[in-house]
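Read through the structure below, which is laid out as structure tokens, and then see the notes.
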Number of protein chains: 2
Amino acid sequence: MFIQIEPESDIPIYAQLASQLIEAIARGKLVSGDALPSVRSLAADLGMNMHTVNKAYHELERKEIIRIVPKSGAIVNPLSKDKIRVDHLERISIEIKPIIIEAIVLGMNPEAINKLISSIILSIKEE
Amino acid sequence: MFIQIEPESDIPIYAQLASQLIEAIARGKLVSGDALPSVRSLAADLGMNMHTVNKAYHELERKEIIRIVPKSGAIVNPLSKDKIRVDHLERISIEIKPIIIEAIVLGMNPEAINKLISSIILSIKEE
DNA sequence: CTTCTGTTATAATAGTATTAGAACAGTTAG
DNA sequence: CTAACTGTTCTAATACTATTATAACAGAAG
């Protein structure tokens, strides 16, 4: 697996894992219908506990990015191309708002913010 | 003070406070050079502990949004209009990246993301 | 049927969040 | 000058989260 965990980060490792799995989906390394590794095998693979991987998976399930089939496994949900549900948009909005405000206070104007986001999107698709 | 804390939120109250102070600066309710209330008085005002307010202030100091003068008080830093320092840009980038990725996975295209951010910026300046 | 799956439960450890109380030393206003 | 106010530092208690460790359970899959 293409996961790199930084144990010394102040970001919990279950959150790092969840984040990198989302990134893998965004990059097309994981596509709709793909099965994720079992919590036990991925935990062994990454040298962490089964429950930590399980927590990351449930984080992704809560965001409806994967689906967990009890006693069976987890698979990547169909990603709605160029559509977004209102509740998802709401969550993204709540998550992103404080950062936008911080950016403004630190001196970024709307164009600069837009430019930053464009470069982030490019960096995802390229790397 | 124009602060509203939600004690039942899963966001720590020191983080809520820090966030709302940044927002107050973004809205111009607090401007460069303004003195923040003392940690004791704001804590009493909001019904929370002095140390919790202190933690929020140090969070803002870490982000270089305010300056804390030991044994004296905290004042709002000069906000660099339409300029942003590289290290600040770097931090904003790291903070915003996982959310952008989540937005993409949930079906937002670059235009939709840009539109969302524009509406957030508008909502800050209007309300 | 046996192995693999997520689920659930208990438990221990470490760290964070929040509150409390107190003392200390520099700042400031009367 | 002095008294009130300031952030700082310390100890300490409580609650919650994060992480790991075992173990047992019951459904899925070969």
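Reckoned from all heavy atoms, side chains included, excluding hydrogens, waters and symmetry mates.
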Q: Return the value, rounded to whole Å, for the distance between atom CD of A:Q16 and atom C1' of D:dA18.
A: 12 Å
Q) Atom CD1 of A:I11 and atom P of C:dG15: how far apart are they, to the nearest Å? A) 18 Å
Q.
Nearest whole Å is fine: how far is C:dA14 C1' from A:D10 CG?
A. 16 Å
Q | Interatomic distance where NE2 belongs to A:H51 and P belongs to C:dA12 [whole Å] | A | 16 Å
Q | Atom-pair distance (CD1 on A:I66; C1' on C:dG6), nearest Å | A | 12 Å
Q: Hey, which sits more toward the 5' end of DNA chain D by its nearest nucleotide, A:M48 or A:P70?
A: A:M48
Q. Between B:E59 and B:A15, is there a donor-acceptor pair closer than 3.5 Å when you use the side chain of the first and the backbone of the second?
A. no
**Q.** Shortest non-hydrogen separation from B:A74 to B:Y57 and the atoms involved
**A.** CB-CD2, 4.1 Å
Q: For the side chain of A:R40, starting at C-beta, report the closest nucleotide among D:dT6, C:dG6, D:dA21.
A: C:dG6
Q) Which one, D:dA18, D:dT8, D:dA23, comes nearest to the side chain of A:Y14? A) D:dA18
(Q) Applying side-chain contact (heavy atoms from CB on, under 4.5 Å) to A:I113 and B:I121, what does each step give before you reach the verdict? (A) CA-CA 10 Å; A:I113 295 174; B:I121 294 176; 4.1 Å; yes
Q. Just one of B:N77, B:D34, B:L60 clears the side chain to side chain contact (heavy atoms under 4.5 Å, CB included) bar with B:I66, so which one?
A. B:L60
Q | Rounded distance (Å) that lies between atom P of C:dT18 and atom CD of B:E59 | A | 11 Å
Q: Measure the distance from CD1 on A:I5 to P on D:dT19 and round it to the nearest whole Å.
A: 9 Å
Q. Think A:H58 has a side-chain N or O under 4.0 angstrom from the OP1 or OP2 of C:dT7?
A. yes
(Q) Measure CE/A:M50 against P/D:dT20 and give the value in whole Å, please. (A) 11 Å
Q: Respond yes when some side-chain nitrogen or oxygen of B:S38 is under 4.0 Å from OP1 or OP2 of D:dT6, and no when none is.
A: yes
Q. Of the candidate nucleotides D:dA18, D:dG7, C:dA22, which contains the atom at the shortest distance from the side chain of A:K55?
A. D:dA18
Q) Is B:V105 linked to B:M108 within one hydrophobic cluster, defined over Ile, Leu, Val, Met, Phe, Trp and Tyr using a side-chain heavy-atom separation of less than 4.5 Å? A) yes
Q: Report yes if at least one side-chain N or O of A:T52 is closer than 4.0 Å to OP1 or OP2 of D:dA18; otherwise report no.
A: no
Q) Nearest to the side chain of A:K71 - C:dT19, C:dA25, C:dG6? A) C:dG6
